[in-house]
Structures are given as structure tokens and as C-alpha cells.
Peer 1: 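Right, I'll just put the structure down here and ask away after.
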Amino acid sequence: MLAAKLNAAANRRDHSAAPSVRSVSIADDAQSEAPSEAPSKMSSLRRASGWGSLATKMKQKPATPMKRYENTYRVEPEKEQLFDAAKVQQFVHDILETRLKGQEYKGNLCRNLASTLSDVIKGRVKKMGFPRHKIIVHTVLGEKLRHDLNVCSRAVWNDKTDNHVTVTYENGSLYTVVTIYAVYFE
């Protein structure tokens, strides 16, 4: 439809003595065809492009400046902030004993149980108050049969500031090995 209007305007220009120029836009084209449908077509174009939603988001809330903190230049934790491996080991053993006491091994359920245990242990160890330590929890949960399992890990870290704890728990049908890494970050 737009091409036809442009051709018609070009033909009129060629046949008339005084040239007249008329610019035709998509909005003019939409209004000339059906004036009642023009707003819905344009709004659907805006919605499809994503610019409408972006403009709405930008109008809603002004950007707040990020807080910038001074460097502390601390490369080692203070004595009271060191990771207490014995305290964490006893705490995690108590959690495993309460959560897994009488638990039967079922493959589908134990997959989610291992993930849940990792999240719970990580949250509780963080609440114990070891600032500037990243806590990583690795949980292995398996069925207790006549087979062996070796769990090993390697890491590059600082022996003075970083630490780990490994806790094992067994009941009649399953076993679990939980390793908690506490890595000091500057």
C-alpha cells in the first residue's frame, strides 16, 4: 500500500507544473487505512520490539549509584575470624545425624536430599560467623552396598588462611561424605 501511494505521488509530480512534495510515513499509512486500528497496531509494534517495556522500566526507578568501599589491604584474617574446623565438624555431624537418622536410600529422593543438605549446611556454616571466607560444600550421598568409594579433591590455596572439614555419616542403608571448604578472600 505504501509503494502504491509513493508511485501515485511521483506520477502527480511528473504531470503537474508546480511540484508538490508530500512525505508519507508508516503512521500516516496506518491512519489512512483504518484510523480506529492505528493505536493498537503501533502499540503492538512497540510491544513486539521490546522498546516499550525498556522505556517503561527506565521511567519507573532512577538508577542508584553503587557504593564504593575503600580497600582494607588485609591479606590474612584476624585471630578471632579464623575458620574453626573442630566446631564446624561437630556442628555438621549433628545436622547429618538429625536429618539422616532412619532415612532409607531411594535414588530419586537422595539426589534432591544431597542438594538440600548442601544448601542447609552452607547456610548454617555462614551463620556461624566466618567473615571474608567463601564457603563451598560438596556432598556425596550413596547407597550402602558391598562397594568402595574414594572421594578426593585438589585445590590451590593458602595453608595459613584456608581450611576444610570432611564429615562422614552412615546408617543402615546409606552413607554420606560432606566436605566443607573455607577459602579466605581479600
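Quick caveat, the model's predicted, so the values are computed rather than measured.
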Peer 1: For side chain to side chain contact (heavy atoms under 4.5 Å, CB included), just list the numbers for K144 and Y105, CA-CA rounded to whole Å, side-chain angles, deciding distance to a tenth of an Å, and then say yes or no.
Peer 2: CA-CA 8 Å; K144 193 173 177 183; Y105 180 84; over 6 Å; no
Peer 1: Indicate, with yes or no, if L82 and I180 share a hydrophobic cluster defined by side-chain heavy-atom contacts under 4.5 Å among Ile, Leu, Val, Met, Phe, Trp and Tyr.
Peer 2: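 Result: no, two separate clusters.
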Peer 1: Output the distance between atom CD (Q81) and atom CD (E76), rounded to the nearest 0.5 Å.
Peer 2: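 Taking CD in Q81 and CD in E76, the distance rounds to 12.0 Å.
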Peer 1: Is there any salt bridge (charged side-chain N to carboxylate O under 4.0 Å, His left out) pair reaching into residues 93-111, and which pairs are they, with sequence neighbours excluded?
Peer 2: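 Of all non-adjacent pairs touching residues 93-111, none passes salt bridge (charged side-chain N to carboxylate O under 4.0 Å, His left out).
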Peer 1: Hey, could you give me the OG/NE2 distance between S153 and H164, rounded to the nearest 0.5 Å?
Peer 2: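 These two atoms lie 6.5 Å from each other.
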Peer 1: Verify side chain to side chain contact (heavy atoms under 4.5 Å, CB included) between I136 and V183, making sure each step is shown before the conclusion.
Peer 2: CA-CA 8 Å; I136 301 138; V183 181; 4.2 Å; yes
Peer 1: Side chains of L141 and L100: does their closest heavy-atom pair fall under 4.5 Å?
Peer 2: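 Contact flag for L141/L100 side chains = yes.
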Peer 1: So, do F83 and Y184 sit near enough that their side-chain heavy atoms are less than 4.5 Å apart?
Peer 2: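 Not touching, per the 4.5 Å side-chain cut-off.
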Peer 1: Could you pull out the closest heavy-atom pair between D162 and W157, with the gap in Å?
Peer 2: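 Heavy atoms of D162 and W157 come nearest at OD2-CB, 2.8 Å.
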Peer 1: Any side-chain heavy-atom pair from T176 and T139 closer than 4.5 angstrom?
Peer 2: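 They are in contact (side-chain heavy atoms under 4.5 Å apart), so the answer is yes.
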Peer 1: Does K160 have more than 12 heavy atoms from other residues, nucleotides or ligands lying within 6.0 Å of its NZ?
Peer 2: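 Count not over threshold, so no.
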Peer 1: Does a side-chain heavy-atom distance below 4.5 Å link Q103 with L174?
Peer 2: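 A side-chain contact under 4.5 Å exists here.
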Peer 1: Could you check whether any side-chain heavy atom of L149 comes within less than 4.5 Å of a side-chain heavy atom of Y175, counting everything from C-beta outward?
Peer 2: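 A side-chain contact exists here, since the closest heavy-atom pair is under 4.5 Å.
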Peer 1: Assigning hydrophobic clusters by single linkage (Ile, Leu, Val, Met, Phe, Trp, Tyr; side-chain heavy-atom cutoff under 4.5 Å), is V177 placed with Y181?
Peer 2: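 No; tracing contacts between hydrophobic side chains, which count when under 4.5 Å, never links both residues.
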Peer 1: Are V167 and Y169 connected into the same hydrophobic cluster when the rule is that any two of I, L, V, M, F, W, Y join if their side-chain heavy atoms are below 4.5 Å apart?
Peer 2: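 Hydrophobic grouping puts Y169 with V167.
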Peer 1: A side-chain contact here means heavy atoms from C-beta on lying under 4.5 Å apart; do V137 and T179 qualify?
Peer 2: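 Of all side-chain heavy-atom pairs linking T179 with V137, none is under 4.5 Å.
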Peer 1: Do the non-hydrogen side-chain atoms of V88 and F130 ever get within less than 4.5 Å of each other?
Peer 2: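 They are in side-chain contact.
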Peer 1: How many angstroms lie between OG1 in T166 and NE2 in H138, if you round to the nearest 0.5 Å?
Peer 2: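 One gets 10.5 Å once the value is rounded to the nearest 0.5 Å.
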Peer 1: Can you check whether P131's main-chain N or O pairs, donor with acceptor, with H133's side chain at less than 3.5 Å?
Peer 2: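 Yes, because the side chain of H133 sits within donor-acceptor range (under 3.5 Å) of the backbone of P131.
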Peer 1: Is I95 reachable from L113 through a run of hydrophobic residues whose side-chain heavy atoms are each under 4.5 Å from the next?
Peer 2: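 Yes, it is one cluster - the side chains of L113 and I95 are joined through contacts under 4.5 Å.
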Peer 1: Counting C-beta onward and ignoring hydrogens, is there a side-chain heavy-atom pair between I121 and L96 closer than 4.5 Å?
Peer 2: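 Yes, close enough: below the 4.5 Å cut-off.
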Peer 1: Is M128 reachable from V165 through a run of I, L, V, M, F, W or Y residues, each pair having side-chain heavy atoms under 4.5 Å apart?
Peer 2: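 Both belong to a single hydrophobic cluster.
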Peer 1: Could you give me the CA-CA distance, side-chain angles and deciding distance for R132 and E78, then say whether side chain to side chain contact (heavy atoms under 4.5 Å, CB included) is met?
Peer 2: CA-CA 10 Å; R132 301 181 76 138; E78 296 174 8; over 6 Å; no
